[in-house]
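Since the structure is predicted, the reported quantities are computational estimates derived from the model, not experimental observations. Quick note: numbers below take in every heavy atom, side chains included, and nothing from hydrogens, waters or symmetry partners.
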Amino acid sequence: MRVEIWGDINCPWCYIGKARFEKALAAFPHRDQVEVVHRSFELDPQAPQEPRPVLPAIAAKYGISVDQAREAEERIASHAHGEGLPYRGAERDVANSFDMHRLLHFAEERGRQEQLLDLLYRENFDGDTSPFAPGRLLALAVEAGLDERQAADVLADPAAHADAVREDEATAAALGATGVPFYVFDRRLGVSGAQPPAAFTSALEQAWSTRTVPQT
């Protein structure tokens, strides 16, 4: 069974949802037969490349005050901490994530997608340095086990894996996704949002019980 997860590094609920889904998957009896693939979804495709503080960006996006944005981040932090996740909230940056998605596709080809994704989330929500800082994305790619020169070549070529990112986003739109995280089980069952682990358990069980088993 395949589970596809659409998300974005800028998305705190994707970070939280990943932890919740993994809790459900770890307890799923057939977990060794579940393939997890992470797909691209940009929360803000028009976001500038230059990183900027998250609170003013949230305030501008939703038409709220910076204080209200800070309160929203504090609520998200409480959910993250409830899953045992660190969360630096108001201290993080936001920026265009297209290069991250391109590099995640490259990492998938090398069997290192999960490792890179975890490092990107860690850096964005718990690190001392912004993952959007100059040179930081390449450093994280190397830490994830990717070849430094090959990863640098990908980042230097705006067309590298760009079509794969756009295809993921087009597929998400075709499946009816308007936000992330968005989970699709065998292209038959969709789950939106960072649901509690019990909801993911139910989805896994439902998708497994209704899957098409090849005839022998």
key: Flag side-chain contact, heavy atom, 4.5 Å: Pro12 against Arg92   = yes
remark   = Shortest non-hydrogen pair, Ala207 vs Phe185, comes out as CB-CB, 3.6 Å
request  = Take the angle between the ring planes of His30 and Trp208 and call it parallel below 30°, perpendicular above 60°, tilted in between.
outcome  = parallel
Determine all donor-acceptor pairs shorter than 3.5 Å in which one atom belongs to a side chain in residues 189-198; sequence neighbours excluded.
residue : atom : partner : partner atom : Å
Gln195  : NE2  : Ser192  : O            : 2.7

query = Which atom names give the shortest non-hydrogen contact between Phe41 and Ala177, and what distance separates them?
reply = CE1-O, 4.2 Å
request  = Answer yes or no: is there a side-chain heavy-atom contact under 4.5 Å between Met1 and Leu204?
outcome  = yes
Glu73 side chain to Tyr87 side chain, donor-acceptor N/O pair below 3.5 angstrom = yes
inquiry  = Test of understanding: with salt bridge (Lys or Arg N to Asp or Glu O under 4.0 Å), list the residues that count as partners of Asp99, not counting sequence neighbours.
reply    = Arg102
ask   = Which pairs pass salt bridge (charged side-chain N to carboxylate O under 4.0 Å, His left out) with one or both residues in residues 183-198, sequence neighbours excluded?
value = Glu4-Arg187, Asp186-Arg188
Atom pairs and distances, side-chain donor-acceptor, residues 131-140, under 3.5 Å, sequence neighbours left out:
residue : atom : partner : partner atom : Å
Arg136  : NE   : Glu123  : OE2          : 2.5
Arg136  : NH2  : Glu123  : OE2          : 3.0

Pairs touching residues 141-163 that satisfy salt bridge (charged side-chain N to carboxylate O under 4.0 Å, His left out), sequence neighbours left out = Arg122-Glu143
query = Atom SG of Cys14 and atom CZ of Phe21: how far apart are they, to the nearest 0.5 Å?
reply = 13.5 Å
request  = Can you measure from CD (Glu83) to OH (Tyr15) and round to the nearest 0.5 angstrom?
outcome  = 10.5 Å
inquiry  = Measuring only between side-chain heavy atoms, which start at C-beta, is Pro181 closer than 4.5 Å to Trp13?
reply    = yes
remark   = With Ser130 as partner, the option from Val94, Asn124, Asp93 fulfilling side-chain contact (heavy atoms from CB on, under 4.5 Å) is Asp93
task = Determine whether Glu205 and Phe28 make a side-chain contact, defined as any pair of heavy atoms from C-beta on separated by less than 4.5 Å.
result = yes
query = Is Val37 close to Ile5 at the side-chain level, that is, under 4.5 Å between some pair of heavy atoms?
reply = no
query = If we only count heavy atoms from C-beta on, is the Tyr121 to Leu85 side-chain gap below 4.5 Å?
reply = no
key: Val3 side chain reached by Val184 side chain, heavy atoms, under 4.5 Å   = no
ask   = What closest approach, in Å, do Asn10 and Ala95 show between heavy atoms, and which atom pair accounts for it?
value = ND2-O, 2.9 Å
message = Looking at Gln150, I'd like to know if its CD atom is crowded, meaning that more than 12 non-hydrogen atoms belonging to other residues, nucleotides or ligands lie closer than 6.0 Å.
response = yes
key: Contact summary for Ser40 and Val165, nearest pair of heavy atoms   = CB-CG1, 3.8 Å
message = Show, in sequence, the C-alpha distance, side-chain angles and deciding distance for Asp168 and His105, and conclude whether the side-chain hydrogen bond (donor to acceptor under 3.5 Å, both in side chains) test is met.
response = CA-CA 10 Å; Asp168 277 358; His105 275 281; 2.9 Å; yes
task = Mind checking the CG-CG spacing from Leu104 to Leu117? Nearest 0.5 Å is all I need.
result = 5.5 Å
remark   = Note: Leu146 and Arg110 closest approach over all heavy atoms is CD2-CB, 3.7 Å
ask   = Cluster question for you: counting only ILVMFWY and a side-chain heavy-atom cut-off of under 4.5 Å, with indirect links fine, are Val180 and Leu120 together?
value = no
query = Are side-chain N/O atoms of Glu169 and His101 paired as donor and acceptor at under 3.5 Å?
reply = no
For residues 42-56, which side-chain donor-acceptor pairs fall under 3.5 Å, sequence neighbours excluded?
residue : atom : partner : partner atom : Å
Glu42   : OE1  : Arg166  : NH1          : 2.7
Asp44   : OD1  : Gln46   : N            : 3.2
Asp44   : OD1  : Ala47   : N            : 3.4

task = Kindly indicate, with the supporting measurements, whether the criterion side chain to side chain contact (heavy atoms under 4.5 Å, CB included) is fulfilled by Arg20 and His79.
result = CA-CA 11 Å; Arg20 290 176 175 175; His79 285 279; 3.5 Å; yes
ask   = Where the side chain of Ser97 meets the backbone of Met100, is there a donor-acceptor pair that is under 3.5 Å apart?
value = no
request  = Answer yes when Lys18 and Glu22 have at least one side-chain N-carboxylate O distance shorter than 4.0 Å, and no when they do not.
outcome  = yes
Nearest-0.5 Å distance that lies between atom CD in Glu108 and atom NE2 in His161 = 10.0 Å
request  = Working to the nearest 0.5 Å, report the span between CG of Leu116 and CZ of Phe106.
outcome  = 10.0 Å
key: Worked verdict on Tyr183 versus Phe200 for ring-ring contact (aromatic ring centres under 6.0 Å, His included)   = CA-CA 9 Å; Tyr183 306 77; Phe200 288 124; 4.6 Å; yes
request  = Look up atom OG1 in Thr171 and atom CZ in Phe182, then write down how far apart they are to the nearest 0.5 Å.
outcome  = 11.0 Å
